[in-house]
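Worksheet for the structure shown next.
Just so it is clear, the model here is predicted, and its values are computed rather than measured. Here is the naming used below: chain letters follow the sequence lines, and residue numbers restart at 1 for every chain.
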Amino acid sequence: MGGRKKTLLGMAALMLLTAPLAAQSWAAEGPGTVELGSLANYYSAVTFDHAMHTGVAASCAECHHHTTGLAPTDPNCARCHKAGDKANSVACKSCHSDKRFSAEDLAKIEGNPQLHHKGKLGLKGAYHQKCLGCHTAMGGPTGCQDCHTRNDKGDAIFHSGKYAPAPGASDGHGGGH
Amino acid sequence: MKKLNRRSFLKGGLAGGAAIAAVGTSKQALAGTHNFGGYPDSMGVLVDLTKCVGCRTCEAACNKEQNLPEPDKSFDDPSVFEERREGGLPRRTTEKAYTVVQKYDVPGREHPLFRKVQCNHCNEPACLTSCFVNAYKKTPEGAVIYDKTVCVGCRTCMVACPFYIPAYSYSSPTNPVIKKCIMCYDTRLKFGRPPACVEACPQEVMTFGKRKDLLKLAHQRISDKPDAYVDHVYGENEVGGTAWMYLSDVPFDKIGYDTHLGTQPIISYVKEFLGMVPMVLTIWPALFTGFHLLSNRKDAAKNEENKS
Ligand code: SF4
Ligand code: SF4
Ligand code: SF4
């Protein structure tokens, strides 16, 4: 099941780079490929083929929720954010924090009375849910390493590859029961 | 361990205990002494099962954060999902794994459902109230932690926990202790940071925040997408409420959750069970001495055999 993370990161990268697109000419103006690497830790960056995805997506809003100057399509966001306000950027990162789990971000979320902000996904979750959600529905690749290769640090935490437990080292029970 | 026995054990214990220990202890007095009601600003985790993809990154992150021993299989090995223990049940938490992801093939659901299991950090934890040496503590942040230097390894909490969470460490025969998820209290929660598994999850299946906010959020998610969820936040009321709560698109009883626990904390059985504690404290030393003598006698007999 190694490949899922990758997929999501790839999509995220795509989103980061597509901010200046106009609604009508998005396919022409979008970037060809995007390197999604700001969150890379246990996996390599995702090289996201934006051009290919613009060809299969029915509209920009499928991934971006909105295009520049237009209101977001997500009803949660549209409650307050109308065209021309926060929706000015289409970069994922402008709404989905890449430090969602830092003490600072958590304090900010705690201090915000809006319930939907408390439930708003961070950048990692936004990437993965968007990419994997669509890939699952459309039959795209869903393995973690289909989109990003796990690195040595990743192999270590997963106890995989050269860090795999020796076969037969245990009876297969965790003990305790 | 069969399904019924923890609660029925406690209830039975209660009945038996009541007979023996009804001696002058009124229920009210016990309730007053052992009221752990939830802390108002405690933290919690809302787990949206509809988003989990079964990647087990959470298990890997927990293993690292809690310095747990090497797993039997790699964390990317999906064969663990097919492992079955007694009674055909999927794997559960162990002394080596404070969290495990289970897979359920639900008829009519297009994809399998994955479910992450760990301690639910009950508002009124049965493990805590059942522990007669007071090894457990519910912190104001919401975590249920324990002091391993106090634990005597009697395993009463294993029996008391309605979710079958505490595991018993056999690997250290000299100091056998209970082991379980502590909501990353020592390394994260007490510094205001979310648990390692929450942070590691690529899908952000888990939302960390004040329990009372998470409850509102959970109900809003259900009302926003009534077709995507069953109308039940598991852990809102079960056994008096838990810090970890769950949203699902499949009825909870179809995916291994006990939906017959009721809304009363197990503590209320245990409270009465606790009526037995003075008796337990009185008779246990005698019991242990008995066991000790018995095993010594066995050893002595063995030695005799060996000699002859
Ligand atoms: S890391 Fe998240 S998505 Fe992966 S198995 Fe754990 S809870 Fe599910
Ligand atoms: S789930 Fe079990 S171990 Fe965890 S706090 Fe509740 S009773 Fe205790
Ligand atoms: S909260 Fe911490 S100890 Fe508990 S399962 Fe998650 S990582 Fe492990």
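With a 4.5 angstrom heavy-atom cutoff, A:Leu106 touches chain B only via side-chain atoms. Only the side chain of B:Lys64 comes within less than 4.5 Å of a heavy atom of chain A; its backbone N, CA, C and O stay farther away. With a threshold of 4.5 angstrom between heavy atoms, B:Glu199 approaches chain A through its backbone and through its side chain. Residue B:Val198 touches chain A through both its backbone and its side chain, counting heavy-atom pairs closer than 4.5 Å. Contacts of B:Lys210 with chain A are made by both backbone and side-chain atoms, with heavy-atom separations under 4.5 Å. B:Asp213 touches chain A through backbone and side chain together, each having a heavy atom under 4.5 Å away.
B:Lys73 and B:Ser79 are linked by a side-chain donor-acceptor pair at a separation below 3.5 angstrom, with hydrogens and angles left out of the test. With hydrogens and angles left out, the side-chain atoms of A:Ser160 and B:Asp76 include a donor and acceptor closer than 3.5 Å.
For the set A:His116, A:Arg100, A:Lys118, the entry with the most heavy-atom pairs within less than 4.5 Å of chain B is A:Lys118. Taking chain B as the reference chain and counting heavy-atom pairs below 4.5 Å, the highest number among A:Gly122, A:Pro75, A:Ala107, A:Gly154 is found for A:Gly122. For the set B:Gly192, B:Pro194, B:Gly209, the count of heavy-atom pairs under 4.5 angstrom toward chain A peaks at B:Pro194.
Salt-bridge check for A:Arg79 with B:Asp224: passed, with a basic side-chain N closer than 4.0 Å to an acidic carboxylate O. Using a cutoff of 4.0 Å between basic side-chain nitrogens and carboxylate oxygens, B:Glu59 and B:Arg91 are scored as salt-bridged. Salt bridge annotation for A:Lys99-A:Asp105: absent, with no cationic side-chain nitrogen under 4.0 angstrom from a carboxylate oxygen. The pair A:Lys162-A:Asp152 counts as a salt bridge, with a side-chain nitrogen and a carboxylate oxygen less than 4.0 angstrom apart.
Taking 4.5 Å as the limit, every side-chain heavy atom of B:Val80 sits out of range of all side-chain heavy atoms of B:Phe75.
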